[in-house]
Amino acid sequence: MKPINVGLLGLGTVGGGTLTVLRRNASEITRRAGREIRVTMAAVRDLEKARKLAGNELEIVTDPFEVVNNPDIDIVVELIGGYTLSKELVLKAIANGKHVVTANKALLALHGNEIFKAAQDKGVMVAFEAAVAGGIPIIKALREGLTANRIEWIAGIINGTTNFILSEMRDKGLSFDTVLKQAQELGYAEADPTFDIEGIDAAHKLMIMSAIGFGIPMQFDKAYTEGISKLTREDIQYAEELGYRIKLLGITKRTPNGIELRVHPTLIPTKRLIANVEGVMNAVLVKGDAVGATMYYGRGAGAEPTASAVVADLVDVTRMHTADPEHRVPHLAFQPDALSDTPILPISEVRTSYYLRMRAFDKPGVLADLTRILADLEISIDAMIQKEPSEGEEQVNIIMLTHETVEKNIDQAIAKIEALSTIAGKVTRIRLEELEK
Ligand code: NAP
Ligand code: HSE
């Protein structure tokens with residue numbers, strides 16, 4: 001059978017890795033796909049750098065529209081990133097009848113609805129395994145392996161850069177900036193690393209998993225996002241003392257009132273497997289009603305782990321190339337006309353537990369005031385510790401863990417605690433998940 005022709009948009013970390021893996025494992029991949037998958041063209045900005053990497057076996061251009069408009073290309077692989085040029089290129093490729101593979105979670109979280117609609121109308125596939133959790137085949141698991149289940153919740157460490165930063169800071173005592181630089185050199189970080197640090201990249205990935213887990217359209221503007229930039233060593237240390245580890249977690253949960261969709265630093269019991277996922281590794285927990293809790297673990301970023309997912313999509317598309325579009329797995333796992341309009345809950349309506357830390361003057365009655373405020377709002381305390389004041393200091397750190405409550409009640413409690421004359425400054429709040437139900 002004649003080869004299937006692939007055009008790569010971008011030959012950077014992921015594009016370069018994709019070319020390397022396709023070349024190294026060419027015969028094995030052909031045996032699996034049933035025909036050769038051949039990269040015949042690529043678009044980059046820097047021709048010289050690209051030629052050094054790719055050699056002379058493919059045509060390299062600087063205008064990516066030459067790739068998407070080339071009638072000989074069957075599959076376009078978008079590995080440029082961003083959501084302006086990449087959106088135009090993907091829509092043009094679809095309009096030209098080409099299948100698309102992309103690792104671009106930002107593009108899908110923001111414009112997925114439009115892109116999938118265009119692909120459906122044209123009868124082409126848009127595959128995106130590499131967009132979530134790097135090399136872990138979580139999209140395949142959610143869309144196909146778990147298809148019997150009503151998904152209850154998904155929780156994951158889905159940003160390699162921030163997990164790498166948190167691990168290296170804790171284990172090696174390195175500074176935030178030093179570790180971020182390493183993550184950039186290793187090709188883990190986004191072009192704009194604030195996307196990693198502020199939880200935006202994780203929220204893009206979580207939006208995609210939520211959509212295919214619950215059968216809802218993309219609605220990224222409703223995701224709650226909080227990153228790791230305000231985390232202090234002090235809180236990481238106190239959490240450890242209490243038997244918890246802080247991770248940047250993406251959580252999406254089905255509740256009777258709607259769907260929770262949130263990314264934030266989270267205390268997780270140290271005894272959970274997921275709390276021990278370190279460095280660039282990612283892990284995703286999926287709870288289905290039939291299967292129970294399942295966990296998926298692997299490298300969440302980097303050239304070849306991400307290329308592994310891109311190539312898996314290329315093989316899938318090659319195998320399904322001639323299948324009737326009606327008989328392919330739907331883009332969002334559910335039939336497009338069966339997506340649900342279940343609302344995404346605002347963060348004020350989310351239910352979880354909390355770690356609260358405050359600085360209090362070491363005077364009689366302080367703890368009584370704090371417990372009264374919490375009791376009035378029906379917030380139950382799970383644990384409380386008061387640290388010894390440092391020498392010469394008048395204030396002490398009080399740390400409380402609460403049982404599950406609704407976020408708007410904690411907001412009120414924090415406002416009342418901060419108004420007490422015995423409390424100095426702001427209350428630190430970090431959400432806590434037991435991840436057992
Ligand atoms: P990257 O290393 O910065 O590579 C981007 C590539 O796109 C480069 O080859 C660049 O060309 C090319 N490019 C950029 N603008 C272009 C333009 N206007 N015309 C032609 N070529 C252009 O990025 P990456 O890390 O591979 O990421 C690519 C995508 O994969 C992003 O959506 C990212 O979010 C996603 N992703 C990345 C990882 C990871 O670990 N890095 C993991 C999963 C998903 P030059 O080389 O000539 O500048
Ligand atoms: N910047 C992303 C991360 C790349 O660190 O996880 C993988 O999507």
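Remember, it's 1-based here, ligands and their atoms both numbered in the order they're listed.
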How does A130 reach ligand 1, by side chain, by backbone, by both or by neither, if only non-hydrogen atoms under 4.0 Å count? backbone
Using 30° and 60° as the class limits, which term best fits the ring planes of Y188 and F164: parallel, tilted or perpendicular? perpendicular
When you measure from atom 30 (O) of ligand 1 to every protein heavy atom, which one gives the shortest distance, and what is it? A103 CB, 3.5 Å
Ring geometry between F128 and F116 (parallel below 30°, tilted from 30 to 60°, perpendicular above 60°): tilted
Ring centres of F220 and Y83 under 6.0 Å apart? no
To which protein heavy atom is atom 4 (O) of ligand 1 closest, and what is the distance rounded to 0.1 Å? G12 CA, 3.4 Å
Which ligand 1 atoms does L85 reach within 4.0 Å, using its non-hydrogen atoms? 17 (C), 18 (N)
Has G134 got any heavy atom lying under 4.0 angstrom from an atom of ligand 1? no
What protein heavy atom sits nearest atom 9 (O) of ligand 1, and how far away is it? L11 N, 2.8 Å
Which protein non-hydrogen atom lies closest to atom 46 (O) of ligand 1, naming both residue and atom, and how far is it? K49 NZ, 2.8 Å
Does the side chain of N159 come under 3.5 Å of the side chain of D196 through a donor N or O and an acceptor N or O? yes
Return the closest protein heavy atom for atom 8 (O) of ligand 2 as residue, atom name and distance. K105 NZ, 2.6 Å
Heavy atoms only: which of R299, H204, E190 is nearest to atom 2 (C) of ligand 2? E190
From the options R429, Q412, R262, R351, select the one residue that forms a side-chain hydrogen bond (donor to acceptor under 3.5 Å, both in side chains) with E407. R429
Residue A301 vicinity, atoms of ligand 2 by number, heavy atom under 4.0 Å: 4 (C), 7 (C)
Which ligand 1 atoms are under 4.0 Å away from a heavy-atom of G10? 6 (C), 7 (O), 9 (O), 12 (C)
Within-cut-off N or O pair, G160 and ligand 2, under 3.5 Å: yes
Residue, atom name and distance, where the atom is the protein heavy atom closest to atom 27 (O) of ligand 1: V14 CG2, 4.0 Å
H331 side chain to V126 backbone, donor-acceptor under 3.5 Å: yes
Side chain, backbone, both or neither: which applies to D46 and ligand 1 if a contact is any heavy-atom pair less than 4.0 Å apart? both
What's the shortest distance from atom 25 (O) of ligand 1 to any protein heavy atom, and which residue and atom give it? T13 CB, 3.6 Å
Residue, atom name and distance, where the atom is the protein heavy atom closest to atom 11 (O) of ligand 1: R45 N, 3.4 Å
Would you say the side chains of N397 and Y238 form a donor-acceptor pair under 3.5 Å? yes
Within the structure, does at least one protein heavy atom fall under 4.0 Å of atom 23 (O) of ligand 1? no
Determine whether any heavy atom of A43 lies closer than 4.0 Å to an atom of ligand 1. yes
Member of N163, N276, T266 meeting the side-chain hydrogen bond (donor to acceptor under 3.5 Å, both in side chains) criterion with K247: N163
Just need the protein heavy atom nearest to atom 34 (O) of ligand 1, so name the residue and atom and give the distance. E190 OE1, 2.7 Å
K105 near ligand 1 by a heavy-atom separation under 4.0 Å: yes
